[in-house]
Every structure is written in C-alpha cells, then in structure tokens.
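What follows is a short report on a single structure.
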Amino acid sequence: MATSVSATGFKGGLYSSFHGSWSSSIQGEDHNLLVKSVPTWVRVAKPIRSNPVMKNVNEGKGLFAPIVVVTRNIIGKKRFNQLRGKAIALHSQVITEFCKSIGADAKQRQGLIRLAKKNGERLGFLA
C-alpha cells in the first residue's frame with residue numbers, strides 16, 4: 001500500500017474537494033444567479049474619480065486680491081499667467097542672489113522661496 005503526502009504535510013487521505021481558484025469556482029450560470037440575487041442598492045459600482053484641482057485656499061482673500069483679480073480680468077488669463085510667471089521667476093532670482101551674497105545654502109534658499117510663496121498667497125498676489 002502506498003502512502004501519500006498532501007500539501008499540509010500529513011500522511012494519509014487529507015485531500016480537499018476544491019480544485020481550481022475562486023474565480024473559476026463561481027462562473028457561468030452560478031455567477032449570474034449570484035449577481036441577480038443581490039439587490040441593486042447593495043451592489044457597489046466602480047467609484048468615479050474626479051481630477052485633482054489645484055486651487056489656492058486664499059483665493060479672493062488678501063490685501064492685493066482685488067487688484068490682482070481686476071488686472072487678470074482686464075488683460076486676460078493667458079497674458080496674466082505669463083506675466084505672473086515672469087514675476088515669480090524674477091523674484092526667485094532675487095532670492096537666489098540674496099542667498100549667494102549672505103552665503104546661505106540651497107536648503108535655506110528653498111525655505112525662503114517657500115516663505116515668499118506663502119506670503120504671496122496671504123497677501124492675495126496669487127488670487
């Protein structure tokens with residue numbers, strides 16, 4: 001008589017009646033019957049994912065926000081964003097030159113640029 005060893009390591013006749021995977025065990029008519037038996041209000045649909053929106057939390061707030069909004073409306077968004085980008089680049093260059101003159105390292109320079117951005121948001125320049 002031959003003995004066999006199962007996947008669990010026990011000798012004898014410990015076998016499972018389950019053959020295949022979970023996905024293959026509930027297919028065809030059984031799967032359709034199971035889906036139809038669950039009420040529609042219980043079924044979970046794939047969640048709709050919205051695109052992330054980058055928005056300034058201080059938009060419309062700050063001392064200079066009204067001037068910024070009026071200027072943007074007069075010259076148009078595209079031109080306004082071009083000018084804003086140039087202004088931010090110039091301001092970053094000024095901060096970089098200042099850091100070079102006092103001997104500040106790159107980490108301190110980056111901290112000053114972040115501080116300038118926070119202050120610009122609070123004052124309404126980024127409205």
Side-chain angles (χ1 to χ4, degrees):
M1 176 174 169
T3 60
S4 63
V5 178
S6 69
T8 58
F10 293 110
K11 291 183 181 179
L14 296 176
Y15 294 101
S16 170
S17 64
F18 178 75
H19 299 288
S21 66
W22 285 108
S23 64
S24 66
S25 67
I26 304 178
Q27 283 186 347
E29 293 175 19
D30 294 335
H31 180 265
N32 292 334
L33 188 64
L34 181 64
V35 169
K36 289 177 184 175
S37 68
V38 177
T40 55
W41 58 272
V42 175
R43 294 182 199 159
V44 179
K46 188 174 181 182
I48 299 171
R49 191 168 189 191
S50 61
N51 292 333
V53 177
M54 300 284 288
K55 191 170 184 182
N56 183 2
V57 293
N58 295 322
E59 189 168 349
K61 298 178 184 176
L63 182 64
F64 297 101
I67 298 168
V68 171
V69 171
V70 168
T71 304
R72 182 177 57 215
N73 291 339
I74 291 172
I75 66 173
K77 265 189 174 180
K78 185 177 180 180
R79 180 74 178 132
F80 178 78
N81 285 336
Q82 289 173 343
L83 289 173
R84 176 186 275 172
K86 288 179 184 178
I88 291 171
L90 285 172
H91 194 237
S92 294
Q93 286 176 357
V94 169
I95 292 172
T96 300
E97 290 302 318
F98 173 75
C99 288
K100 284 181 184 177
S101 69
I102 64 168
D105 63 355
K107 189 174 181 181
Q108 291 170 327
R109 180 183 66 85
Q110 193 63 35
L112 287 174
I113 291 173
R114 282 194 192 106
L115 181 63
K117 183 179 178 195
K118 279 185 182 178
N119 287 336
E121 288 174 352
R122 285 190 201 130
L123 289 172
F125 287 120
L126 301 178

field: Under the side chain to side chain contact (heavy atoms under 4.5 Å, CB included) test, residues paired with A116 that sit two or more places apart
entry: H91, I95

- prompt: Is L90 reachable from I88 through a run of I, L, V, M, F, W or Y residues, each pair having side-chain heavy atoms under 4.5 Å apart?
  reply: no

statement: The complete set of salt bridge (charged side-chain N to carboxylate O under 4.0 Å, His left out) pairs with one or both residues in residues 93-110, sequence neighbours excluded, reads E97-K100

message: For L83 and I75: C-alpha separation, side-chain torsions, deciding distance, then whether side-chain contact (heavy atoms from CB on, under 4.5 Å) applies.
response: CA-CA 10 Å; L83 289 173; I75 66 173; 3.7 Å; yes

Partner set under ring pair (Phe, Tyr, Trp, His ring centres under 6.0 Å) for F98, not counting sequence neighbours: none

message: In the structure I gave you, are the side-chain heavy atoms of K117 and R114 within less than 4.5 Å of one another anywhere?
response: no

task: For residues 101-120, pull every pair meeting ring-ring contact (aromatic ring centres under 6.0 Å, His included), keeping only residues two or more places apart or in separate chains.
output: none

Sequence neighbours excluded, every pair satisfying ring-ring contact (aromatic ring centres under 6.0 Å, His included) that has a member inside residues 100-127: F64-F125

- request: Measure the CD-CG distance between Q108 and L112 for me, rounded to the nearest 0.5 Å.
  value: 7.5 Å

- line: All heavy atoms of G124 vs all of V68, minimum pair found to be O-CG2, 3.4 Å

- prompt: Which pairs, with at least one residue in residues 67-89 and sequence neighbours excluded, count as a ring-ring contact (aromatic ring centres under 6.0 Å, His included)?
  reply: none

- prompt: Who passes side chain to side chain contact (heavy atoms under 4.5 Å, CB included) against N81, sequence neighbours left out?
  reply: R84

